[in-house]
Amino acid sequence: MKNKAKASLRLVHRKLLRWYETSGRPLPWRKTRNPYKILVSEIMLQQTQVSRVLQHYPRFIKKYPNFHSLSRVGVAEVLRAWRGLGYNNRAVRLLNLARTVDGLHEGILPRSIEHLRSLPGIGHYTAHAIACFAFGAKVPVVETNIGRVLARLFPSRQNVWETAGRILPPRRVFEWNQGLMDLGALICTPHLPDCGHCPLRDLCPTAHRVVRPAMKKRKEPGRNGIPNRIYRGKIIEVLRNRNGRGSIAAERLGSLIKPDFSVRDRIWLRGLLRSLEKDGLVRVGRWRGGVSVSFP
DNA sequence: GAACCGTGGTT
DNA sequence: TAACCAAGGTT
């Protein structure tokens, strides 16, 4: 890299880190280095806004403060604690992860990115996030915010992960990664970026002239124009609210999640239940010639 | 690599 | 109001 580019990069480091000191968000998972607490926050934050996670994270951590306490409960209890967060598969994966760590790793989360990635629910991003935020590794992190920021700051670069690795500062990598995310969430937003208040505006080639790529929506499979995943969520919510009583007849479940449920919907409902069963979210059994549904 | 997976606020 | 969007992961 040329000296000029190096100097410019150092300026980016300085400006962003300074901005983060004064404008970074005071989020609870930034005040700890506890691997379990960092992990829970990262799983919750997958495709989920910070504002929503803030509503549920403290209560979840209080109820399940470590891998051991979480590993001892069942799917039903975890899904109730997960209510409102969405993507319920994450709760099941987190539970299985806790059981694995508690049972096979003496309650200690692995430190290596490769090992982390082998655990359920931890992919490329989350493994790097845990390595950096919990273990202090000097590794890059790229999620939707940072991907957008880097695409605008380095429009000629193609691979954002490679770019993120190349521009990593020599120290304060924790603050650097968190700062880039805050910049994307607060200033460098998708629709109308607030370039006037951006600490990097003088160094950004696309400042004040951001074009956002027009994305086309895909069509989701569903019923009556409602995607199947919404019905899946309704099924889980019905089961959550059946405190005590274990199972429910599929026919009754159908009428609860779809007001005009009829015999023509039976096959469709069976498909939903099969997918939920495969994900470990429900158990499907036989009952009086029909089908019964409960938490596993 | 595309399809699938919740929930609810914002525009 | 319909569409978009949000600290991704799995198959």
Side-chain angles (χ1 to χ4, degrees), chain A residues 20 24-25 27-30 37-57 79-94 96-97 113 116-134 139-150 160-161 164 174-186 188-193 212-222 225-240 257 271-282:
Chain A
Y20 177 70
R25 294 171 290 182
L27 305 175
W29 45 88
R30 287 177 175 170
K37 295 180 180 177
I38 300 282
L39 167 69
V40 171
S41 76
E42 291 300 338
I43 301 295
M44 285 187 175
L45 286 162
Q46 289 168 0
Q47 290 287 286
T48 307
Q49 299 95 328
V50 167
S51 59
R52 181 180 311 285
V53 174
L54 284 173
Q55 297 174 22
H56 304 279
Y57 177 79
L79 283 177
R80 287 196 181 96
W82 201 260
R83 178 169 8 215
L85 282 164
Y87 284 145
N88 299 308
N89 280 336
R90 295 182 297 169
V92 174
R93 294 185 190 127
L94 177 60
N96 289 333
L97 190 158
I113 288 175
L116 285 168
R117 277 201 72 167
S118 72
L119 297 171
I122 299 185
H124 192 186
Y125 161 76
T126 306
H128 282 72
I130 291 170
C132 177
F133 303 144
V139 295
V141 154
V142 177
E143 34 63 87
T144 182
N145 289 303
I146 295 183
R148 182 175 58 254
V149 169
L150 297 187
V160 285
W161 271 96
F174 180 106
E175 291 81 0
W176 168 256
N177 284 329
Q178 299 279 6
L180 280 180
M181 286 193 276
D182 275 2
L183 190 69
L186 302 175
C188 196
T189 53
H191 180 52
L192 204 67
R212 67 193 187 108
M215 304 235 310
K216 39 231 167 224
K217 271 286 272 211
R218 63 190 159 76
K219 211 165 160 122
E220 294 188 56
I226 301 175
N228 280 336
R229 60 188 169 86
I230 303 303
Y231 287 108
R232 283 173 46 116
K234 289 178 184 288
I235 291 172
I236 298 302
E237 184 59 18
V238 167
L239 291 178
R240 277 195 192 104
I257 66 167
L272 286 187
L273 294 175
R274 209 169 1 249
S275 76
L276 287 166
E277 188 175 36
K278 185 149 54 68
D279 291 340
L281 285 162
V282 306

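Throughout, protein chains are lettered first and strands after them, A, B, ... in sequence-line order, and every chain is numbered starting at 1. Worth knowing before you read on, the calculation uses all heavy atoms, side chains too, and leaves out hydrogens, waters and symmetry mates.
- Separating the NE2 atom of A:His56 from the C1' atom of C:dA7 is a distance of 16 Å, rounded to the nearest angstrom.
- A:Ile122 has its side chain out of reach of A:Arg93: every pair of non-hydrogen atoms, C-beta onward, lies at least 4.5 Å apart.
- Side-chain proximity of A:Pro190 to B:dC5, B:dT7, C:dC5: nearest is C:dC5.
- Phosphate proximity of C:dG9 to A:Thr126: present, with a side-chain N or O under 4.0 Å from OP1 or OP2.
- Between A:Arg90 and B:dT7, a side-chain N or O to OP1/OP2 separation shorter than 4.0 Å is absent.
- Nucleotide C:dT10 holds its P atom 12 Å from the CG atom of A:Leu116, rounded to whole Å.
- Counting only heavy atoms from C-beta outward, the side chains of A:Tyr87 and A:Gln46 never approach each other to under 4.5 Å.
- Base pairing of C:dT11: its partner is B:dA2, meeting the Watson-Crick or G-U wobble criterion (both donor-acceptor distances under 3.5 Å).
- Ranking C:dG8, C:dA7, B:dT7 by closeness to the A:Gln46 side chain, first place goes to C:dG8.
- Considering only the side chain of A:Val50, C:dA7 comes nearest among C:dT10, C:dA7, B:dG6.
- Proximity of a side-chain donor or acceptor of A:Thr48 to a complementary backbone N or O of A:Met44 within less than 3.5 Å is detected.
- Nucleic acid contact class of A:Gln178 (heavy atoms, under 4.0 Å, all strands): base.
- In this structure, A:Arg148 contributes its side chain and A:Gly184 its backbone to a donor-acceptor pair below 3.5 Å.
- Heavy atoms of A:Arg83 sit nowhere under 4.0 angstrom from any nucleic acid atom.
- Atom-to-atom, CG of A:Leu119 to P of C:dG9 comes out at 13 Å; the value is rounded to the nearest Å.
- The backbone N or O of A:Arg25 sits less than 3.5 Å from a side-chain atom of A:Asp182, completing a donor-acceptor pair.
- As judged by a 4.0 angstrom heavy-atom cut-off over every strand, A:Leu85 is placed among the base-contacting residues.
- Rounded to an integer number of Å, the gap from CG of A:Asn88 to P of B:dC5 is 12 Å.
- B:dG8 and C:dG9: their P atoms are spaced 23 Å apart (whole Å).
- Nucleotides B:dA3 and C:dC4, compared at atom P, are 15 Å apart to the nearest Å.
- Backbone-only engagement by A:Gly123 is indicated by non-hydrogen atom pairs under 4.0 Å involving sugar-phosphate atoms exclusively.
- An OP1 or OP2 oxygen of B:dG9 is reached within less than 4.0 angstrom by no side-chain nitrogen or oxygen of A:Arg52.
- Ring-plane geometry between A:Trp161 and A:His124 is classed as parallel, the angle between the planes falling under 30 degrees on a 0 to 90 degree scale with a further cut at 60.
- A:Thr144 comes within 4.0 angstrom of the backbone, heavy atoms only, and of no base.
- Rounding to whole angstrom units, CG of residue A:Leu97 and P of C:dG9 are separated by 12 Å.
- A:Ser51 contributes no side-chain N or O that forms a donor-acceptor pair with the base of B:dG9 under 3.5 Å.
- Distance from the side chain of A:Ile230 is smallest to B:dT7 among C:dG9, C:dA6, B:dT7.
- Nearest-nucleotide positions on DNA chain B for A:Gln49 and A:Pro221 put A:Pro221 closer to the 5' end.
- Distance, A:Lys234 NZ to B:dG8 P: 10 Å, rounded to whole Å.
- Residue A:Tyr87 has its side chain nearest to C:dG8 when only C:dG8, B:dT7, C:dA7 are considered.
- As a whole-Å value, the separation of A:Glu42 CD from C:dA6 P is 16 Å.
- A:Leu27 comes within 4.0 angstrom of a base, heavy atoms only.
- Checking A:Ala127 against A:Arg148, the closest nucleotide of DNA chain C that is more toward the 5' end is the one next to A:Arg148.
- Whole-Å rounding puts the A:Trp161 CH2 to C:dG8 C1' distance at 11 Å.
- Using a 4.5 Å heavy-atom threshold, the side chains of A:His56 and A:Trp82 count as separate.
- Rounded to the nearest Å, the gap between the C1' atom of B:dT11 and that of C:dA7 is 23 Å.
- Using a 4.0 Å heavy-atom distance criterion, A:Arg117 is classed as making no nucleic acid contact.
- Applying the 4.0 Å criterion to OP1 and OP2 of C:dA7, one finds that A:Asn145 has a side-chain N or O inside that range.
- Within 4.0 Å (heavy atoms only), A:Trp29 reaches at least one base atom of the nucleic acid.
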